[in-house]
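In what follows, a single structure is set out as structure tokens and then discussed.
Counting starts at 1 for both ligands and their atoms, in listed order. All values below come from the heavy atoms of this structure, side chains included, with hydrogens, waters and symmetry mates left out.
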Amino acid sequence: MTREQDDLMRRGIGMTSQRTRERLIQRLYEEGISNAQVLEVIRRTPRHLFVDEALAHRAYEDTALPIGNNQTISQPYMVARMSELLLEAGPLDKVLEIGTGSGYQTAVLSQLVERVFSVERIKVLQDRAKERLVELNLRNVVFRWGDGWEGWQALAPYNGIIVTAVATDVPQALLDQLAPGGRLVIPVGSGEVQQLMLIVREEQGFSRRVLGAVRFVPLLNGPLA
Ligand code: SAH
């Protein structure tokens, strides 16, 4: 991270006290997030810039918050946990994200991996997320307006894929777009019954790990203007 980026990240600290932000990091640590790099990136990423000003004072609570269009910014614990799972086997080059939303998870990821490719179906959310990342000078992200069920074939394969909305089944396109050894972190299920899964492309087929119950908004169909 350059000096300039560091300054940008610190901006706005006045709005939400440094202490509130430290408390969040402490809480994530106590809840089992152990990757120091992930904790550090969350510490310096200004989550209050990813929500409406009216909600900024709640930005460092460990909860999902509304971002309009019936969508939510992911809970910090989930962002941390999913990032940690992606990085568990070592550094990643190309990561595909499905469900840009506010761009908060995107911003966190962009500081942890080489390049992020992020797909969102709701144009207005994507536009806002793009602006925020430019403002924070996070430049290693490419955005696409489209349907995440299809992944992003043209730029495949990916070393990591993260899905931030719950899918009824694991999309076949995402499995197809995983590089050898590639890791897919995805909530699967519907309604109240959702499980976080880690799927890894092995030499022969895929291994699957079920990581526990989660709560996400649904992965819907098709792009929306
Ligand atoms: N990680 C985001 C979470 C946003 S909520 C954040 O922290 O802000 C999930 C997002 O997935 C929503 O923005 C929703 O519009 C998007 N989404 C749902 N179905 C999709 C699909 N089929 N393709 C792409 N994005 C989708």
Side-chain angles (χ1 to χ4, degrees), residues 24 28 38 41-42 45-52 55-56 58-86 95-113 116-133 135-136 138 141-156 158 160-175 177 184-191 194 196 214-225:
L24 172 62
L28 297 180
V38 169
V41 166
I42 291 185
T45 304
R47 190 168 182 255
H48 65 275
L49 300 184
F50 291 83
V51 295
D52 248 32
L55 288 172
R58 298 190 55 196
Y60 300 95
E61 291 175 15
D62 190 21
T63 55
L65 294 167
I67 56 171
N69 298 77
N70 277 326
Q71 303 304 319
T72 53
I73 182 172
S74 303
Q75 181 193 2
Y77 174 79
M78 255 319 129
V79 171
R81 184 76 186 114
M82 291 171 90
S83 303
E84 187 173 75
L85 286 166
L86 271 182
V95 172
L96 174 68
E97 176 189 51
I98 306 299
T100 316
S102 67
Y104 176 68
Q105 168 88 67
T106 323
V108 168
L109 276 176
S110 79
Q111 299 170 76
L112 291 166
V113 306
V116 181
F117 303 88
S118 190
V119 179
E120 170 58 54
R121 69 183 281 274
I122 302 179
K123 190 83 177 90
V124 291
L125 292 181
Q126 186 196 44
D127 289 343
R128 247 178 277 152
K130 256 190 203 169
E131 285 169 20
R132 291 176 179 128
L133 268 81
E135 194 191 340
L136 293 171
L138 298 170
V141 181
V142 190
F143 296 90
R144 175 183 160 92
W145 176 44
D147 184 355
W149 281 96
E150 292 164 17
W152 191 343
Q153 174 60 43
L155 301 176
Y158 304 96
I161 302 180
I162 179 171
V163 183
T164 72
V166 64
T168 45
D169 305 287
V170 179
Q172 184 59 42
L174 300 186
L175 294 173
Q177 290 169 30
L184 166 62
V185 179
I186 181 171
V188 181
S190 63
Q194 306 181 8
L196 187 63
V214 288
R215 192 77 201 250
F216 281 86
V217 295
L219 188 69
L220 301 172
N221 285 303
L224 186 75

Per-atom contacts of ligand 1 with Leu125, taking only distances under 4.0 Å to non-hydrogen atoms:
13 (O)
Pick from Arg144, Met82, Arg121: the one approaching atom 26 (C) of ligand 1 most closely through a non-hydrogen atom
Arg121
Could you go through Val188 and Asp169, starting from their C-alpha distance and side-chain angles, then the distance that decides it, and tell me whether this counts as side chain to side chain contact (heavy atoms under 4.5 Å, CB included)?
CA-CA 6 Å; Val188 181; Asp169 305 287; 5.7 Å; no
Side chain, backbone, both or neither: which part of Ile122 has a heavy atom under 4.0 Å from ligand 1?
side chain
Could you list which atoms of ligand 1 come closer than 4.0 Å to a heavy atom of Val217?
5 (S), 9 (C)
Enumerate the atoms of ligand 1 whose separation from the nearest heavy atom of Trp149 is less than 4.0 angstrom.
22 (N)
Under 3.5 Å between some N or O of ligand 1 and some N or O of Glu97?
no
Kindly confirm or rule out an N or O of Ile73 lying under 3.5 angstrom from an N or O of ligand 1.
no
Should Ser74 be counted as touching ligand 1, given the test is an N or O pair under 3.5 Å?
yes
From CA spacing to verdict: side chain to side chain contact (heavy atoms under 4.5 Å, CB included), Ser83, Gln105:
CA-CA 9 Å; Ser83 303; Gln105 168 88 67; 3.1 Å; yes
Side chain, backbone, both or neither: which part of Gln71 has a heavy atom under 4.0 Å from ligand 1?
side chain
For atom 4 (C) of ligand 1, state which one of Thr72, Leu224, Asn69 supplies the nearest heavy atom.
Thr72
Any idea which part of Thr106 is under 4.0 Å from ligand 1, heavy-atom wise: side chain, backbone, both or neither?
neither
Taking only heavy atoms of Ser102, which atoms of ligand 1 are found under 4.0 Å from at least one of them?
6 (C), 7 (O), 8 (O)
Hey, are Arg81 and Glu84 close enough for a salt bridge, meaning a charged N less than 4.0 Å from a carboxylate O?
yes
Minimum non-hydrogen distance to atom 18 (C) of ligand 1, winning option of Gly101, Gly222, Pro218:
Pro218
Which of the numbered atoms in ligand 1 are under 4.0 angstrom from any heavy atom belonging to Gly146?
23 (N), 24 (C)
For atom 22 (N) of ligand 1, which protein heavy atom lies nearest, and how many Å away is it?
Leu220 O, 2.6 Å
Measuring from atom 15 (O) of ligand 1, which candidate in Glu120, Gln75, Glu150 has the nearest non-hydrogen atom?
Glu120
Which ligand 1 atoms, with their elements, are less than 4.0 angstrom from a heavy-atom of Gly99?
1 (N), 2 (C), 10 (C), 11 (O), 16 (C), 25 (N)
Quick one: does Asp147 get an N or O within less than 3.5 Å of an N or O on ligand 1?
yes
For the pair Arg58 and Glu61, find out whether any cationic side-chain nitrogen is under 4.0 Å from an anionic carboxylate oxygen.
yes
